[in-house]
Undergrad: 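Quick one: this structure, given as structure tokens, is what I'll be asking you about.
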Amino acid sequence: MKIDTVINEITPYYKDLRRHLHSMPEIGFKEYKTANFIIQELERLGVEYQKGVGGTGIVAWIKNGTSERSIALRSDMDALYIQERNNFAYASKNPGLMHACGHDGHMAIMLGAIEAIATQKAELDGTVYFIFQPAEEGLGGAKAMVEDGLFERFKIDKIFGIHNRPTEPYGKIFIKEGTMMASYDNYQIEILGKSTHSSMPHTGKNPIVAAAHIVAAMKSITSLDLSPNAKSVVTVASIHGGEADNIIPDNCIIRGSIRAFEKEVRKAIETRVKEIATHMAQGFGMEAKIEYHTGYPATVNTDIQSALQAAVATVGESNTITDFTPSYGSEDFSYFLEQKPGCYAWLGSGKSEEQPMTLHSSSFDFNDDIIPIGVRYYYEIAKRELGIQNSDFAI
Ligand SMILES: [Zn+2]
Ligand SMILES: [Zn+2]
């Protein structure tokens with residue numbers, strides 16, 4: 001059967017499946033029912049798989065021919081701690097949890113891609129791996145899979161992923177060589193002062209004054225310490241100290257996050273944050289206790305050729321966007337791209353240009369109309385990477 005017909009026929013099933021997944025959101029590393037549901041589907045499709053990779057992660061595969069070539073496609077699985085405000089029939093049945101980032105849709109696309117690619121298996125010479133990854137939302141499920149031997153247990157040459165993007169128009173695919181998304185780190189600086197009566201400031205150490213100077217100095221990092229071309233965001237997001245108007249408190253805590261596109265810039269900011277906090281506090285006769293947490297690396301695409309061709313084949317040249325600003329958001333697909341060549345793309349899913357829905361909103365809903373686009377895009381990548389030469393499957 002031709003791929004167009006296959007995708008048309010299977011799409012309604014995967015739209016329903018997406019809605020079912022939407023109703024049963026689970027938080028990162030606890031996607032137990034989600035994983036069981038995926039396993040049921042893999043068994044229905046007769047596809048081999050290994051469960052429990054990096055916790056609740058699953059790796060499935062379709063192999064044909066004798067070639068050692070292989071690629072992997074990836075879907076995330078987890079939901080968020082958000083109380084859903086939608087009240088349609090398939091809204092979250094788990095209070096306080098919601099699929100507000102569209103990972104329900106990514107799983108539907110992936111299962112659809114497995115079914116579609118399986119129908120064209122005879123034209124394949126190599127292995128397609130399908131990675132269902134837990135805990136994308138801040139917990140680093142990709143890293144857990146890498147540390148659980150993903151690339152040792154499965155011989156994967158290249159890796160590809162997509163994420164829906166409701167703030168971009170429906171049906172456009174965004175692919176860029178190099179950096180797509182920023183790295184993400186966060187910090188906590190606790191300034192250790194000395195509490196006293198506010199009428200006798202000289203008998204204590206006021207950590208709030210030191211904190212104010214630290215915050216002001218941190219805001220100069222991007223303008224004074226980095227090249228004007230370095231792209232980064234240094235955020236101070238929270239400051240807490242003191243309870244009353246006549247008491248100097250013992251401590252003051254500053255918290256925030258750092259985003260950068262380049263490793264060198266990321267490192268330089270970390271160094272400056274630590275220096276400023278340490279020395280500024282010392283200047284006021286106090287000590288700064290710093291906790292600096294290194295989060296997701298920048299997402300850097302290193303092999304975009306077949307992804308680009310697949311996008312053009314799926315949505316046409318005019319809908320394949322390559323000239324755009326990378327996002328300051330971050331993504332743990334970056335851990336895979338640190339290990340293997342590959343490409344992470346955005347799939348525009350906007351329903352309305354006037355009022356675009358945003359990811360992580362309590363009224364978000366995945367746009368099911370992009371399911372066949374995602375399936376086709378993955379199929380086109382497999383065809384380009386693993387198609388038998390001189391067959392219809394190959395380009
Ligand atoms: Zn997401
Ligand atoms: Zn998200």
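Atoms within a ligand are numbered from 1 in the order they appear, just like the ligands themselves.
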Undergrad: Going by the side-chain hydrogen bond (donor to acceptor under 3.5 Å, both in side chains) test, name the single residue among D332, D76, D78 that passes it with Q133.
TA: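 Among D332, D76, D78, the one meeting side-chain hydrogen bond (donor to acceptor under 3.5 Å, both in side chains) with Q133 is D332.
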Undergrad: Under 4.5 Å side-chain heavy-atom separation, chaining through any Ile, Leu, Val, Met, Phe, Trp or Tyr, what else clusters with Y81? Say none if it is isolated.
TA: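 Members besides Y81, by chain and number: I27, L97.
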Undergrad: With Y49, which residues qualify under ring-ring contact (aromatic ring centres under 6.0 Å, His included), at least two apart?
TA: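 If we apply the ring-ring contact (aromatic ring centres under 6.0 Å, His included) test to Y49, skipping adjacent residues, there are no hits.
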Undergrad: Please tabulate, one pair per line, all N/O donor-acceptor pairs under 3.5 Å involving side-chain atoms of residues 272-300, not counting sequence neighbours.
TA:
from, atom 1, to, atom 2, distance (Å)
R272, NE, D225, OD1, 3.4
R272, NE, D225, OD2, 2.8
R272, NH1, E275, OE1, 2.6
K274, NZ, E270, OE2, 2.7
T278, OG1, K274, O, 2.6
H279, ND1, Q282, OE1, 3.4
Y296, OH, E136, O, 2.5
Y296, OH, G138, N, 2.9
Y296, OH, L139, N, 3.2
Y296, OH, G140, N, 2.9
T299, OG1, E331, O, 3.4

Undergrad: Please verify the inter-ring angle class for H103 with H99; under 30° counts as parallel, over 60° as perpendicular, anything in between as tilted.
TA: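 Geometry flag for H99 against H103: tilted rings.
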Undergrad: Inside 2.8 Å of the Zn ion (ligand 1) but strictly below it, how many protein N/O/S atoms are present?
TA: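 Considering protein N, O and S only, the Zn ion (ligand 1) has 3 within range.
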Undergrad: How are the rings of F174 and W346 set to each other: parallel, tilted or perpendicular (split at 30° and 60°)?
TA: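 Ring orientation of F174 relative to W346: tilted.
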